[in-house]
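Okay, structure first, notes after.
In what follows, residues are counted from 1 in the order of the sequence shown. Remember, predicted model here, so these are calculated numbers, not experimental data.
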Amino acid sequence: MRIIRFSDRLKAASITTLGVALLAATPAAAQKKGGTLRLYHNDNPPSTSLLEESTIASVTPFAAVFNNLVVFDPSKVHESIETIIPDLAESWSWDQTNTKLTGGC
């Protein structure tokens, strides 16, 4: 009978852990682009008014229903002043101090 020392067990555990890590890092485990995102929503919205309600129960189902004057470009990685695109507004401009945005529909 062979006596297993602590260092042999440590080596075996290290090799096993390395093997599992390598298998988990394969391209088959990567996420795929496209498809449909389905969310489970477990609450009834108190109302459909996003102006009166700010809970996740109202915002999640109704945010896609209402339009904004301007939105951030969803194709851009970062949101900034340069990535604002029109939604309902036909034009907009900043005031002299760049603190107020005036839009036209």
Side-chain angles (χ1 to χ4, degrees):
M1 184 170 167
R2 183 175 175 221
I3 299 174
I4 299 175
R5 294 179 297 194
F6 180 71
S7 62
D8 292 338
R9 287 184 184 176
L10 185 61
K11 287 178 189 176
S14 297
I15 290 171
T16 303
T17 303
L18 179 63
V20 169
L22 288 174
L23 286 175
T26 61
Q31 295 178 354
K32 297 176 184 175
K33 289 187 177 184
T36 302
L37 175 64
R38 298 181 188 267
L39 297 174
Y40 174 71
H41 191 67
N42 63 351
D43 199 4
N44 290 328
S47 74
T48 59
S49 175
L50 295 180
L51 299 174
E52 297 171 359
E53 304 289 338
S54 62
T55 62
I56 196 72
S58 296
V59 173
T60 300
F62 296 112
V65 175
F66 298 102
N67 290 75
N68 295 304
L69 291 175
V70 293
V71 294
F72 288 110
D73 189 353
S75 66
K76 305 294 182 191
V77 177
H78 297 289
E79 297 173 347
S80 67
I81 298 296
E82 289 79 30
T83 62
I84 294 176
I85 59 173
D87 195 8
L88 292 176
E90 296 174 356
S91 63
W92 61 89
S93 61
W94 291 96
D95 69 344
Q96 295 287 343
T97 61
N98 286 336
T99 57
K100 293 181 184 176
L101 189 63
T102 304
C105 293

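- With sequence neighbours left out, Glu52 forms a side chain to side chain donor-acceptor pair (under 3.5 Å) with no residue at all.
- Trp94 and Val70 fall within the same hydrophobic cluster, defined by Ile, Leu, Val, Met, Phe, Trp and Tyr side-chain heavy atoms under 4.5 Å apart, directly or through other members.
- Of all heavy-atom pairs between Ile85 and Trp92, the closest is C-CH2, 3.8 Å.
- With sequence neighbours excluded, the residues satisfying side-chain contact (heavy atoms from CB on, under 4.5 Å) with Asp95 are Thr97, Thr99, Lys100.
- Smallest separation of non-hydrogen atoms from Thr83 and His78: CG2-O, 3.5 Å.
- Summarising the geometry, atom CG belonging to Asn67 is positioned 4.5 Å from atom CG belonging to Asp87; distances are rounded to the nearest 0.5 Å.
- With a 4.5 Å cut-off on side-chain heavy atoms, Leu88 and Leu69 count as touching.
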